[in-house]
J.: 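Submitted below is the structure of interest, expressed as structure tokens.
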Amino acid sequence: MLSYLLRRITGASLVILAISFIVFMGLFQIGDPVELLLPDTATLEERQLVRQHWGLDRPLWEQYLSFLTRATAGDFGQSFVFSEPALDVILARFPATAELAVLSLLLSVAISFPVGVAAGMNPDSVVSRIASSTAVVLLSLPGFWVAILLISFFAVNLGWLPATGRGPTQEILGMRLSIFSWSGLRHAILPALNLALPISALLFRMVRASVMEARRSDYVRFARSKGLHPRRIVWVHILRNVMLPVITVLGLELGGLLAFAVVTESIFAWPGVGRLLIEAISLLDRPLVVTYLLFVVAVIILINLVVDILYVVLDPRVRGRA
Amino acid sequence: MRARTIITLLATALAASAAYAEELRIGTKLTPSSLDPHYFNSAENESATEPVFDKLVAISLDGQPTPSLATAWENIDPLTWRITIRPDVKFHNGDPLLMSDVIFSIERIKSITGTPGGYLPYVAGIESITDEGGNVLLVKTAKPDPMLAYNLTRVSVVQEKAADGRSATDFNQLNSTNGTGPYAVKEYVAGSHAIYEKNPHYWGSEQPWDTVTVRYIGDDAARMSSLLAGDVDLVDAVPTADIKRLEAGRNIDVSQRASVRIQYYGLDVSRQESPFAKGPKGENPLVDVRVREAISLAIDRKAIVDFALDGSGTATSEFVIPQLIGEDRDPKVAEADLEKARALLADAGYESGFELTIHSGNDRYPGADRVVQATAQSLARIGIKVNVALLPNNIFFPEASKQAYSFFFLGYGTLDSSEILKALFHSRDENRGFGMSNRGRYSNEAVDALIQAALGTFDTAERMNIYGEAFRKAIDEDFAYIPLYYPVYVVAFDGAKLGYDIPLEGYTSAIHSKRN
């Protein structure tokens with residue numbers, strides 16, 4: 001197990017290094033952030049001072065090397081726009097994105113599992129057919145359009161939920177989170193729903209297909225002949241086998257939600273890291289963009305690692321080989 | 001029984017609405033990057049800091065300096081000013097305003113490093129400030145500076161004790177945000193919201209609100225929805241397409257005001273060969289003033305504003321709004337004259353036209369893409385073969401500054417004509433900081449002389465005349481730039497609860513509102 005982990009970590013470090021190189025080069029090509037960031041009235045002297053301060057007047061390789069050396073010490077540079085350490089800016093906004101992502105995943109599992117299992121056990125039923133068509137529709141609708149629709153319906157017309165923004169936060173485990181209060185939850189429901197709908201559609205189809213396949217397998221037939229209650233067969237035996245592919249998908253989706261929920265965050269004015277990335281790119285805030293992408297890569301690698309470990313835990317067959 | 005129920009309900013409603021009415025909720029597109037008022041000169045940051053920090057001199061609704069923390073400013077001799085500071089001003093925490101705080105604020109702007117900046121030009125001319133006693137400061141400038149009072153309208157006063165040695169981070173964490181303004185910052189979450197509360201020690205008139213919550217909502221549709229859903233009382237940057245819908249909403253007032261921004265075309269007027277403007281022999285047609293005049297005549301500005309911007313703009317053939325050159329009138333708009341334009345082109349030897357590419361950013365100025373395409377069609381009518389290139393602003397802007405383009409769409413906004421003339425119309429002189437935004441490298445000695453004269457003229461009326469003369473020469477005679485329109489600021493709010501006066505610079509904050 002230990003050697004497995006060590007191999008994974010070494011591989012991950014190489015990936016992060018490669019990404020840092022690509023991103024750095026790419027941003028360098030785009031242009032001079034000083035022109036964008038300073039107001040028109042800035043004198044040449046002011047511009048030179050800013051360039052010197054941020055090290056933009058040094059050659060590319062020197063800038064990259066200096067970035068790497070400082071990064072190993074944990075200093076990822078100062079954001080040009082915020083004048084605060086880039087990593088701090090990202091970490092300050094990460095809890096908002098994280099809680100939205102977790103809430104969305106929970107919602108999508110809560111929506112898709114019961115319906116998926118029911119549809120899988122009775123594939124020709126009305127429930128199954130309606131759910132399948134709905135899933136196709138949900139997968140095809142663009143996220144920003146559904147978001148506007150949700151706001152328009154639930155906030156403007158019905159007035160049940162707030163239109164935008166994050167609710168009041170409390171300090172929990174050292175992070176500021178909002179979903180543990182009723183007011184905070186009210187603010188989080190619409191964006192979480194917006195993110196959860198396409199994921200539930202995907203999960204529904206997976207669960208349904210897995211359950212349909214499991215139904216016909218030998219161990220289910222033996223369990224039934226043994227006289228086990230159908231509910232136990234489904235929820236204890238079948239579900240365990242369904243979990244494996246589902247966990248892979250959940251891991252992938254979690255990575256996507258944490259890194260790239262930009263559209264939903266923009267429309268719902270949710271102060272997370274996704275919006276931060278877009279703003280940073282618009283303003284060519286290099287330290288922020290580079291740090292953000294490295295952060296995202298690290299998070300996704302971590303999630304994949306966790307998923308792989310979960311596999312080992314859940315599936316005895318894999319355990320033997322690991 | 002029924003009557004009593006109704007009365008109770010009414011009383012509860014009144015009580016609820018009375019409690020409600022003391023909080024103002026704003027949904028704004030302008031998301032600040034810092035609460036440090038010396039950090040970066042942007043509309044976003046100004047809107048966030050102007051309720052908290054007073055400026056030395058305030059600016060009235062029509063652009064004139066008015067007393068704020070400075071009650072009087074007197075020009076004793078060309079290099080010296082005597083500034084009287086208001087007595088008995090207190091900071092949010094009750095500390096008194098000291099002369100050293102004012103001096104510190106100015107010094108801080110001069111010495112701040114590592115920020116995008118932008119306030120340095122307003123204080124760079126100040127050589128020394130001394131405390132004369134009796135609430136009077138003596139300011140000495142390096143050169144005669146008639147614009148000192150205007151420049152001081154950009155200087156926010158912070159407390160030395162709170163801000164000395166502190167950085168933008170301290171302001172964002174509310175360690176240094178002790179100001180003299182009508183509201184204090186109670187809470188700030190970057191990218192999300194800020195909560196202000198009434199400053200009990202404020203020297204000015206009573207604030208209409210006890211608390212102000214400002215939510216940063218960048219997405220236009222979401223911001224409008226917030227107003228319609230009743231989550232906020234005021235929104236800014238209303239898209240023109242939504243104006244009718246909002247006006248039909250219950251109690252919603254929509255207010256518009258012409259901004260001091262000008263949207264214009266910059267032209268490469270200096271190089272003999274230009275990358276995106278080519279005549280039949282490869283030369284640059286834009287160096288010929290007749291070609292530039294023809295282009296200006298071919299553009300139907302009123303039609304562009306009506307169709308490309310849905311009427312949300314003021315068409316103009318003048319670079320600045322007349323008020324900025326001291327004339328209280330509507331801006332002049334030249335009618336399109338295709339016959340004359342074609343004749344001018346023929347005179348210049350371009351009867352069969354030439355090739356031109358118009359460049360523009362597509363994500364910064366609303367409607368830019370439509371304006372530029374409409375312009376391309378206008379120019380095609382006089383025989384110019386036009387291409388349009390739209391780019392993300394973060395690529396377009398630096399490239400334009402590097403003179404990579406020949407004909408490009410830009411905007412500029414300021415209350416001060418001398419700033420515009422200095423930055424755009426003066427020949428480029430990097431050492432003295434002239435012409436820093438003169439991307440077409442326009443150069444006319446006569447105009448340079450006028451600008452230099454204006455910078456040293458203390459009499460306001462005379463200075464305004466010189467401004468007018470400089471613009472007339474540069475725009476009406478030389479066609480150095482082609483002005484198109486002034487965009488409008490549009491704001492929508494709950495008319496039953498509040499009134500709102502849009503300031504000239506288009507900032508959005510509680511200090512321009514009043515309770516109804």
Side-chain angles (χ1 to χ4, degrees), chain A residues 30-47 49-50 52-54 78-85 88-89 92-93 96 144 147-148 151-152 154-157 159 161-166 169 176 263 266-272 275-276 278-279 281-284, chain B residues 27 31 33-34 36 39-42 113-118 120-122 124 167-169 172 189-193 215-219 221-223 225-232 363-364 392-402 412-414 419 422-424 430-433 436-437:
Chain A
I30 289 183
D32 181 9
V34 173
E35 275 302 322
L36 276 175
L37 284 168
L38 272 83
D40 269 351
T41 50
T43 60
L44 194 71
E45 199 192 321
E46 265 192 299
R47 282 170 225 247
L49 277 171
V50 171
Q52 267 165 17
H53 182 95
W54 289 336
Q78 293 263 58
S79 152
F80 293 162
V81 174
F82 296 96
S83 205
E84 294 187 43
D88 290 356
V89 175
R93 301 205 193 194
F144 67 86
I148 302 281
I151 295 180
S152 189
F154 287 103
V156 179
N157 288 350
L161 295 167
T164 57
R166 191 182 183 207
T169 57
R176 295 217 67 91
V263 172
S266 297
I267 295 182
F268 287 95
W270 193 264
R275 252 176 78 201
L276 191 64
I278 289 294
E279 284 159 20
I281 292 177
S282 294
L283 295 170
L284 293 182
Chain B
T31 308
S33 55
S34 176
D36 181 344
Y39 179 75
F40 180 35
N41 186 6
S42 67
T113 53
T115 67
L120 187 60
Y122 301 114
S167 68
T169 313
N172 296 344
V189 178
S192 172
H193 65 275
R215 301 246 299 273
Y216 309 124
I217 308 176
D219 183 78
R223 200 168 57 255
S225 303
S226 295
L227 182 68
L228 289 168
D231 287 350
V232 297
D363 51 6
R364 176 154 173 181
N393 197 63
N394 60 0
I395 300 177
F396 165 72
F397 208 69
E399 290 289 296
S401 299
K402 284 194 285 198
Y412 201 91
T414 183
E419 199 178 298
K422 220 171 95 167
L424 267 84
E430 285 171 8
N431 295 320
R432 292 190 296 159
M436 298 313 294
S437 301

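All chains are named by letter (A, B, ...) in the order of the sequence lines, taking the proteins before the strands, and each is independently numbered beginning at 1.
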J.: Does any backbone or side-chain atom of I151(A) lie under 4.5 Å from a heavy atom of chain B? Answer side chain, backbone, both or neither.
T.: side chain
J.: Rounded to the nearest 0.5 Å, what's the gap from CZ on R93(A) to OG on S192(B)? Could you check?
T.: 9.0 Å
J.: Side chain from CB out, backbone as N, CA, C, O: work out which of these in T169(B) comes under 4.5 Å of a heavy atom of chain A, or both, or neither.
T.: both
J.: Provide the closest heavy-atom pair for S225(B) versus V156(A) in the form atom of the first, atom of the second, distance.
T.: O-CG2, 3.7 Å
J.: Chain A heavy atoms under 4.5 Å from T31(B): which part of the residue, side chain, backbone, both or neither?
T.: side chain
J.: Who among S42(B), G218(B), A190(B) has the most heavy-atom pairs with chain A under 4.5 Å?
T.: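 Maximum pair count with chain A is reached by A190(B).
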J.: Considering only heavy atoms, which portion of L276(A) lies under 4.5 Å from any heavy atom of chain B: side chain, backbone, both, or neither?
T.: neither
J.: Quick one: closest heavy-atom pair of A229(B) and A155(A), and the distance?
T.: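 For A229(B) and A155(A), the tightest heavy-atom pair comes out as CB-O, 3.4 Å.
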J.: Any chance you could measure S33(B), atom OG, to E279(A), atom CD, to the nearest 0.5 Å?
T.: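 With rounding to 0.5 Å, OG (S33(B)) is 10.0 Å from CD (E279(A)).
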J.: For T164(A), is it the side chain, the backbone, both, or neither that has a heavy atom closer than 4.5 Å to a heavy atom of chain B?
T.: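 Both parts, backbone and side chain.
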J.: Select one option (side chain, backbone, both, neither) describing which atoms of R176(A) are under 4.5 Å from chain B's heavy atoms.
T.: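 Contact with chain B involves no heavy atom of R176(A) at all.
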J.: At a heavy-atom distance under 4.5 Å, which candidate from I217(B), L228(B), D36(B), L227(B) has the highest pair count against chain A?
T.: I217(B)
J.: Tell me, for N393(B) versus chain A, whether the close heavy atoms (under 4.5 Å) come from the side chain, the backbone, both or neither.
T.: both
J.: Quick one: what part of A124(B) sits under 4.5 Å from any heavy atom of chain A, side chain, backbone, both or neither?
T.: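 It is neither, since no heavy atom gets under 4.5 Å.
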J.: Does any heavy atom of chain A fall under 4.5 Å from the side chain of N172(B), the backbone, both, or neither of them?
T.: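 Only the side chain of N172(B) comes within 4.5 Å of chain A.
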J.: Chain B: which of A92(A), S282(A), A269(A), S152(A) shares the most heavy-atom pairs with it under 4.5 Å?
T.: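 The residue among A92(A), S282(A), A269(A), S152(A) with the greatest pair count is S282(A).
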J.: Mind checking what makes salt bridge (charged side-chain N to carboxylate O under 4.0 Å, His left out) contact with R215(B), not counting sequence neighbours?
T.: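 With neighbours one apart ignored, the set is empty.
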J.: Go through the atoms of F82(A) and report whether side chain, backbone, both or neither lie under 4.5 Å from a heavy atom of chain B.
T.: both
J.: On a heavy-atom basis, which atom in Y39(B) and which in F80(A) lie closest, and how many Å separate them?
T.: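 The pair with the smallest heavy-atom distance is OH-O, 3.4 Å.
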